[in-house]
Novice: 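Quick one: the structure is below, and I'll ask about it shortly.
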Amino acid sequence: QGQLVESGGGLVQAGGSLRLSCAASGRTFNSRAMAWFRQAPGKEREFCAAISWNGGSTYYADSVKGRFTISRDNAKNTVSLQMNSLNEEDTGVYYCAANELLVTVVPGSSENAKLYDYWGQGTQVTVTS
């Protein structure tokens, strides 16, 4: 059984940056695409970014494109999300996710939370004005 553990969340002022990390244990996800989602209070879980198994392809939601960067280090079994130019709308709990199906990013599928089999417990990001 695989486990995902996120870290790096916190409180930041608008315009600031945070870097989230996701560490996998119990099994390796190095041959699978991974993703970051977020969920704001009272809202549904929202796709942020996805990355292919080797990091060669990435895919972003329009709301974070140009501000967030997803990356992975398969040697360390980690996935990261660098978040810049944060605004209050970025506030929420951020989740790392992995799945057994997707190897690369597939627009139209990567955004579907139902395709992901493994989820972390989430890390809170709060952006203040």
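Heavy-atom basis, side chains included; hydrogens, waters and symmetry copies ignored. Every value quoted in this text rests on a predicted model; they were computed, and no experiment measured them.
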Novice: Work out which heavy atom in Glu88 is nearest to a heavy atom in Ser129; give both atom names and the distance.
Specialist: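 Minimum heavy-atom separation between Glu88 and Ser129: OE2-CB, 2.9 Å.
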Novice: Give me the atom names and distance for the closest heavy-atom approach of Ser63 to Arg38.
Specialist: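 Smallest interatomic distance, heavy atoms only, reads OG-NH2, 3.6 Å.
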Novice: Are more than 12 heavy atoms, taken from residues, nucleotides or ligands other than Gln121, located less than 6.0 Å from that residue's CD atom?
Specialist: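 Enclosed.
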Novice: Do the non-hydrogen side-chain atoms of Glu89 and Val127 ever get within less than 4.5 Å of each other?
Specialist: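 Glu89 vs Val127: side chains apart.
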Novice: Can you tell me how far apart SG (Cys22) and CZ (Phe29) are? Round to the nearest 0.5 Å.
Specialist: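 Atom-to-atom, Cys22:SG and Phe29:CZ are 8.5 Å apart.
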Novice: Say you draw a straight line from CD of Glu6 to OG1 of Thr78; how long is it, rounded to the nearest 0.5 Å?
Specialist: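 The distance works out to 13.0 Å.
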Novice: Shortest non-hydrogen contact from Cys96 to Met34?
Specialist: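 Here Cys96 and Met34 meet closest at SG-CE, 3.7 Å.
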Novice: Less than 4.5 Å apart, side chain to side chain, heavy atoms only: is that true for Phe68 and Asn84?
Specialist: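 No, side chains not in contact.
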Novice: If only atom types and distance count, is the side chain of Ser52 paired as donor or acceptor with the main-chain N or O of Ser57 below 3.5 Å?
Specialist: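 Checking the backbone N and O of Ser57 against the side chain of Ser52, a donor-acceptor pair under 3.5 Å is found.
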Novice: What is the minimum heavy-atom distance between Ser85 and Ser17, and which atoms define it?
Specialist: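 It is N-OG, 4.3 Å.
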Novice: Roughly how far apart are Thr128 OG1 and Gln13 CD, rounded to 0.5 Å?
Specialist: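 So the gap between those two atoms works out to 5.0 Å.
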Novice: Answer with yes or no whether the hydrophobic clustering places Val12 together with Trp36; edges join I, L, V, M, F, W, Y residues whose side-chain heavy atoms lie under 4.5 Å apart.
Specialist: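 They do share one cluster, since a chain of ILVMFWY contacts under 4.5 Å joins Val12 to Trp36.
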Novice: Return the minimal non-hydrogen interatomic distance between Ala49 and Leu81, and the atom names on each side.
Specialist: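 In this case the closest contact between Ala49 and Leu81 is CB-CD1, 4.2 Å.
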Novice: Aromatic contact between Phe37 and Trp119, with the criterion being ring centroids under 6.0 Å apart: yes or no?
Specialist: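 Between Phe37 and Trp119, the centre distance is under 6.0 Å.
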Novice: Would you find a donor on one side and an acceptor on the other, under 3.5 Å apart, between the side chain of Thr91 and the backbone of Thr126?
Specialist: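 No, because the side chain of Thr91 does not come within donor-acceptor range (under 3.5 Å) of the backbone of Thr126.
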Novice: Do Ser21 and Lys76 have side-chain heavy atoms sitting under 4.5 Å apart?
Specialist: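 Answer no - side chains too far apart.
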Novice: Is any side-chain heavy atom of Leu18 closer than 4.5 Å to a side-chain heavy atom of Leu86?
Specialist: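 Sidechains of Leu86 and Leu18: in contact.
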Novice: Transitively linked via ILVMFWY side-chain contacts under 4.5 Å: Leu20 with Tyr116?
Specialist: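 Shared cluster, no.
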Novice: Output the distance between atom CD (Gln1) and atom CG (Asp117), rounded to the nearest 0.5 Å.
Specialist: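 Rounded to the nearest 0.5 Å, the CD-CG separation comes to 10.5 Å.
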Novice: To the nearest 0.5 Å, how far apart are CE in Met83 and CD1 in Ile70?
Specialist: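 Atom-to-atom, Met83:CE and Ile70:CD1 are 12.0 Å apart.
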Novice: Report yes or no: do Ser80 and Gln82 form a side-chain donor-acceptor pair below 3.5 Å?
Specialist: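 Gln82 and Ser80 do not have a side-chain donor-acceptor pair below 3.5 Å.
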Novice: Quick one: do Tyr94 and Gln39 satisfy side chain to side chain contact (heavy atoms under 4.5 Å, CB included)? Show the steps, please.
Specialist: CA-CA 7 Å; Tyr94 282 70; Gln39 189 166 18; over 6 Å; no
Novice: Would you kindly confirm whether Leu4 and Val125 end up in one hydrophobic cluster when ILVMFWY residues are joined by side chain heavy atoms under 4.5 Å apart?
Specialist: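 Yes, one cluster joins them.
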Novice: Is it true that a side-chain atom of Arg32 and a backbone atom of Glu100 form a donor plus acceptor pair closer than 3.5 Å?
Specialist: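 It does hold such a pair.
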Novice: What distance separates Ser25 OG from Asn77 CG, expressed to the nearest 0.5 Å?
Specialist: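 Ser25 OG to Asn77 CG: 8.5 Å, rounded to 0.5 Å.
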Novice: Just by distance, with hydrogens left out, do Glu111 and Tyr59 show a side-chain donor and acceptor under 3.5 Å apart?
Specialist: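 Glu111 vs Tyr59: donor-acceptor pair found between side chains.
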Novice: Does Arg45 reach the main-chain N or O of Tyr95 with its side chain, forming a donor-acceptor pair under 3.5 Å?
Specialist: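 No; zero donor-acceptor contacts below 3.5 Å.
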Novice: Following the transitive rule for hydrophobic clusters with a side-chain heavy-atom cut-off under 4.5 Å over Ile, Leu, Val, Met, Phe, Trp and Tyr, establish whether Leu101 and Val105 coincide in one cluster.
Specialist: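 Leu101 clusters together with Val105.
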Novice: Show, in sequence, the C-alpha distance, side-chain angles and deciding distance for Arg67 and Asn87, and conclude whether the side chain to side chain contact (heavy atoms under 4.5 Å, CB included) test is met.
Specialist: CA-CA 10 Å; Arg67 300 187 300 120; Asn87 57 59; 3.6 Å; yes
Novice: Taking the six-membered ring for Trp and the full ring for Phe, Tyr or His, determine whether the centres of Phe47 and Tyr60 are under 6.0 Å apart.
Specialist: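 Between Tyr60 and Phe47, which both carry aromatic rings, the centre distance is not below 6.0 Å.
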Novice: Got a donor-acceptor contact below 3.5 angstrom from the Asn74 side chain to the Trp53 backbone?
Specialist: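 The answer is yes, because a donor-acceptor pair under 3.5 Å joins these two groups.
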